[in-house]
Amino acid sequence: MELKFFRFLKLVGVGFKARKECEGRELFLKLGYSHDAQFTAPPSVRIFCFKPNIVCCTGLDKDRVHHFAGAVWSYKPSEVYKGKGVLYIDEVMKLKPGKKQKK
């Protein structure tokens, strides 16, 4: 089976980890909540975890791959002040400055 479309996700944060089970069907994410986030991939999408913080969603159907990656990304989108969360690997994020002291 040739897998044509890829979407890489990067978990940025202390203790953020990903693991897969059931031959790439189930994805479990530790994202700082009291419980693990569980995602079940559609039949045409496979999941690979290269490192504990890099997740690859791949498959033949571009729409389903991107839809699943978007569902994972929307569970904990990137925060603009600290830069933590789930990021696409090619996403460029500019951090906002925090509060500044008045003089």
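Counting begins at 1 with the first residue of the sequence. The structure presented is a predicted model; accordingly, all values stated were derived computationally and were not measured. Just so you know, these numbers use all the heavy atoms, side chains as well, and skip hydrogens, waters and symmetry mates.
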Subject >> Contact check, side chains of Phe8 and Asp90, non-hydrogen atoms, under 4.5 Å >> reply: no
Original post:
Under 6.0 Å from the CZ atom of Arg25, do we count more than 12 heavy atoms belonging to anything else shown?
Top reply: yes
Original post:
Is any side-chain heavy atom of Ile54 less than 4.5 Å from a side-chain heavy atom of Ile89?
Top reply: yes
**OP:** Output all residues satisfying salt bridge (charged side-chain N to carboxylate O under 4.0 Å, His left out) with Glu21, sequence neighbours left out; order by chain, then residue number.
**Re:** Arg19
Original post:
Can you find a heavy atom in the side chain of Cys49 that is under 4.5 Å from one in the side chain of Leu27?
Top reply: yes
**OP:** Spell out, yes or no, whether Val12 and Phe16 are grouped together once hydrophobic residues are joined by side-chain heavy atoms under 4.5 Å, including indirect joins.
**Re:** no
Original post:
Rounded to the nearest 0.5 Å, how far does NZ of Lys20 lie from CD of Glu26?
Top reply: 12.0 Å
Original post:
Are Leu11 and Phe28 connected, step by step, through hydrophobic side chains (Ile, Leu, Val, Met, Phe, Trp, Tyr) whose heavy atoms are closer than 4.5 Å?
Top reply: no
Subject >> For the student: nearest non-hydrogen atoms of Val65 and Gly59, plus distance >> reply: CG2-N, 3.5 Å
**OP:** Mind checking the SG-CZ spacing from Cys56 to Phe50? Nearest 0.5 Å is all I need.
**Re:** 4.5 Å
**OP:** Kindly indicate whether a cation-pi arrangement holds for Arg7 with Tyr88, taking the cut-offs as under 6.0 Å to the six-membered ring centre and within 45° of the axis.
**Re:** yes
Original post:
Atom NZ of Lys10 and atom NZ of Lys51: how far apart are they, to the nearest 0.5 Å?
Top reply: 10.0 Å
Subject >> Distance-minimising heavy-atom pair for Ala18 and Leu29 >> reply: CB-CD2, 3.4 Å
Original post:
Any chain of hydrophobic side-chain contacts (each under 4.5 Å) joining Leu9 to Met93?
Top reply: no
Subject >> Atom pair CZ/SG of Phe39 and Cys57 - distance to nearest 0.5 Å >> reply: 10.0 Å
Original post:
Which pairs, with at least one residue in residues 68-81 and sequence neighbours excluded, count as a side-chain hydrogen bond (donor to acceptor under 3.5 Å, both in side chains)?
Top reply: His35-Tyr75
**OP:** State yes or no: do Leu87 and Val55 share one hydrophobic cluster built from I, L, V, M, F, W and Y residues joined by side-chain heavy-atom distances below 4.5 Å, directly or via other members?
**Re:** no
